[in-house]
Amino acid sequence: MRQLIRSDCLCQKKSLFSPIIIYQNETVFKNYNGIIIGRCQNCGLSKTVTCPKKAFGPLTTHFNFYEKNKKLFKEIYRPIIKEIKKIKKGASILDVGCSSAIMLTMLQKEGFKVFGIEPNHKAYQQAVKKLPKKIYLGYLADFFQKHHQKKFDFVIYNHVFEHINKLNKEIDLIKKVLKKNGLLVVGV
């Protein structure tokens, strides 16, 4: 029987998660070794519940995957941008975990006021080249401490939410940076 893992969940402060995917002895996805995806026993949410520090080492080149496949990612992002445009043109957007800022540059070209947050230093360096003075190195909590007066029409978490341990705290921060009637856009 697999051991249950205690981790934060949206349904309550701490929950027990049953491992549903355990990456070990990977030959194709070597960077995933040691990562466990679990399902909350209370609400059924699935998320990354453990991720060893060594797994984040290869992420320093993760943004290169996006850059090498930029054309593919632009196609993936187009429908998201189309939906955002339907809701509010020219809106202010914060992309948390923006990587190398491919989606943000597309949004800026569509007339949106864009800002990004990226915790990975190498991805941040790539993003800030594209959008100087619009990318913040760190996490939403750090950004909020320095820029608590900034509010956004949209906050985007594209394949980032599932990596956050303290989801309830993150959602509290998101509420503080969203304008009244602002929208959270999540891709998982």
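Quick caveat: nothing in here was measured; it's all calculated off a predicted structure.
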Supply the atom-to-atom distance [X] [atom1] to [Y] [atom2], rounded to the nearest 0.5 angstrom.
X	Y	atom1	atom2	answer
R39	S18	CZ	OG	8.5 Å
K89	F112	NZ	CZ	8.5 Å
Q3	I36	CD	CD1	8.5 Å
M106	L104	CE	CG	11.0 Å
L140	D172	CG	CG	11.0 Å
L4	C40	CG	SG	10.5 Å

Would you check if [X] and [Y] make a side-chain contact, meaning some heavy-atom pair closer than 4.5 Å?
X	Y	result
D95	L107	no
V96	I174	no
D142	I117	no
K14	D8	yes

*Above 12 or not: heavy atoms from other molecules or residues under 6.0 Å from NZ of K82?*
no
_Are there over 12 heavy-atom neighbours, none belonging to K179, within less than 6.0 Å of that residue's NZ?_
yes
If you compare all heavy atoms of [X] against all heavy atoms of [Y], which two are closest, and at what distance to 0.1 Å?
X	Y	result
I135	A101	CD1-CB, 4.4 Å
C11	N42	SG-ND2, 3.1 Å
V186	L184	CG2-CG, 3.6 Å
N168	C9	ND2-O, 2.8 Å
I20	S46	CD1-OG, 3.5 Å
E170	Y157	OE2-OH, 2.6 Å

*What do the steps show when you test K169 against I164 for side-chain contact (heavy atoms from CB on, under 4.5 Å), and what is the final call?*
CA-CA 10 Å; K169 285 185 178 181; I164 297 171; over 6 Å; no
*asked:* For Y77 and F73, take the angle between the two ring planes, folded into 0 to 90°, and tell me which bin it lands in: parallel under 30, tilted 30 to 60, perpendicular over 60.
replied: tilted
*Hey, can you tell me if F152 and F143 have their rings parallel, tilted or perpendicular (30° and 60° cut-offs)?*
tilted
State whether the side chain of [X] and the backbone N or O of [Y] hold a donor-acceptor pair below 3.5 Å, judged by distance alone.
X	Y	result
K176	H148	no
S92	D153	yes
K134	G116	no
N69	L72	no

*Give a yes or no on whether Y139 and I171 share a hydrophobic cluster (residues Ile, Leu, Val, Met, Phe, Trp, Tyr; joining criterion: side-chain heavy atoms under 4.5 Å apart).*
no
_Stacked cation flag K150 on F115, 6.0 angstrom / 45 deg_ = yes
_Cation-aromatic face contact K47/F17, 6.0 Å, 45 degrees_ = yes
_Quiz question: by atom type and distance under 3.5 Å, do the side chains of S15 and Q41 form a donor-acceptor pair?_
no
